[in-house]
Participant: 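One structure coming up, written as structure tokens, with questions to follow.
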Amino acid sequence: VKLVESGGGSVQAGESLRLSCTGSGYTYPSPNSRYCMSWFRQRPGLEREGIATIDKDGSTVYRDSVKGRFTISRDNTKNAVFLQMNSLKLEDTAMYYCAAQRVGPAVTCGFFEHDNWGQGTQVTVSS
């Protein structure tokens, strides 16, 4: 799977950004296979963390620190996933990564390790 992010940049605190990720090369070995699509970030000096994930049916999970400010969405027809980030804070400054993980019917999407990653897009929030 190839994932390509876009939409990062430099903004001031309180402003918004929308990240996009388009993917290709998905494979479905069984009729029940599907992909969890997620956004992770790595802030300076910290470990990478999952911040939002979305299942094929649109169900979502968010990290507490971004709940109410970030919205993840996906367009299955275009193999795309988006992250709308509002009310950005200084601590949101990070490299943001799109990730995809193929799962089976018994798995709920979450922030477990993903096999497929984009190259990352930088988000910088200043005061």
Participant: Tell me the closest heavy-atom pair linking Cys36 and Phe112, and the distance in Å.
Facilitator: SG-CZ, 4.2 Å
Participant: Does the side chain of Ile51 reach to within under 4.5 Å of the side chain of Tyr97, using non-hydrogen atoms?
Facilitator: no
Participant: Phe111: which other cluster members, linking ILVMFWY side chains closer than 4.5 Å, directly or transitively?
Facilitator: Val61
Participant: Checking Arg18 now: which residues fulfil salt bridge (charged side-chain N to carboxylate O under 4.0 Å, His left out) with it, not counting sequence neighbours?
Facilitator: none
Participant: So, taking the atom named CD in Glu91 and the one named OG in Ser65, what distance separates them when rounded to the nearest 0.5 Å?
Facilitator: 8.5 Å
Participant: Less than 4.0 angstrom from a charged side-chain N to a carboxylate O is my criterion; do Asp64 and Lys67 meet it?
Facilitator: yes
Participant: To the nearest 0.5 Å, tell me how far Met37 CE sits from Gln101 CD.
Facilitator: 10.5 Å
Participant: Keeping the roles fixed (side chain from Arg74, backbone from Ile54), state whether a donor-acceptor pair exists under 3.5 Å.
Facilitator: yes
Participant: May I have the list of side-chain donor-acceptor pairs in residues 79-86 shorter than 3.5 Å, sequence neighbours left out?
Facilitator:
residue, atom, partner, partner atom, Å
Gln84, NE2, Asn86, OD1, 2.9
Asn86, OD1, Ser16, OG, 2.9

Participant: Under the salt bridge (Lys or Arg N to Asp or Glu O under 4.0 Å) definition, can you give me all pairs with a residue in residues 99-126, not counting sequence neighbours?
Facilitator: Arg48-Glu113
Participant: Would you kindly say whether Ser59 and Asp57 are connected by a side-chain donor-acceptor distance under 3.5 Å?
Facilitator: yes
Participant: Can you name the nearest heavy-atom pair linking Arg69 to Asp92, along with the distance?
Facilitator: NH1-OD2, 2.7 Å
Participant: Donor-acceptor check, side chain of Thr93 to backbone of Val125, threshold 3.5 angstrom: yes or no?
Facilitator: yes
Participant: Listing request: all ring pair (Phe, Tyr, Trp, His ring centres under 6.0 Å) pairs with a residue in residues 11-47, at least two apart in sequence or in separate chains.
Facilitator: Tyr26-Tyr35, Tyr28-Tyr35, Phe40-His114, Phe40-Trp117
Participant: Treating Ile, Leu, Val, Met, Phe, Trp and Tyr as nodes and any side-chain heavy-atom pair under 4.5 angstrom as an edge, say whether Tyr62 and Leu17 lie in one connected cluster.
Facilitator: yes
Participant: Restricting to non-hydrogen atoms, name the atom on Thr53 and the atom on Ser38 that form the minimum distance, rounded to 0.1 Å.
Facilitator: OG1-OG, 2.7 Å
Participant: Is Leu90 reachable from Leu19 through a run of I, L, V, M, F, W or Y residues, each pair having side-chain heavy atoms under 4.5 Å apart?
Facilitator: yes
Participant: Provide the closest heavy-atom pair for Arg41 versus Ala94 in the form atom of the first, atom of the second, distance.
Facilitator: CB-CB, 3.9 Å
Participant: Check whether Ile72 and Met95 end up in the same hydrophobic cluster, where Ile, Leu, Val, Met, Phe, Trp and Tyr are linked by side-chain heavy atoms less than 4.5 Å apart.
Facilitator: no
Participant: Side-chain polar contacts of residues 3-12 - donor-acceptor pairs under 3.5 angstrom, sequence neighbours left out - could you list them?
Facilitator:
residue, atom, partner, partner atom, Å
Glu5, OE1, Gln119, N, 3.0
Glu5, OE1, Gln119, NE2, 3.4
Glu5, OE1, Gly120, N, 2.9
Glu5, OE2, Cys98, N, 2.8
Glu5, OE2, Gly120, N, 3.2

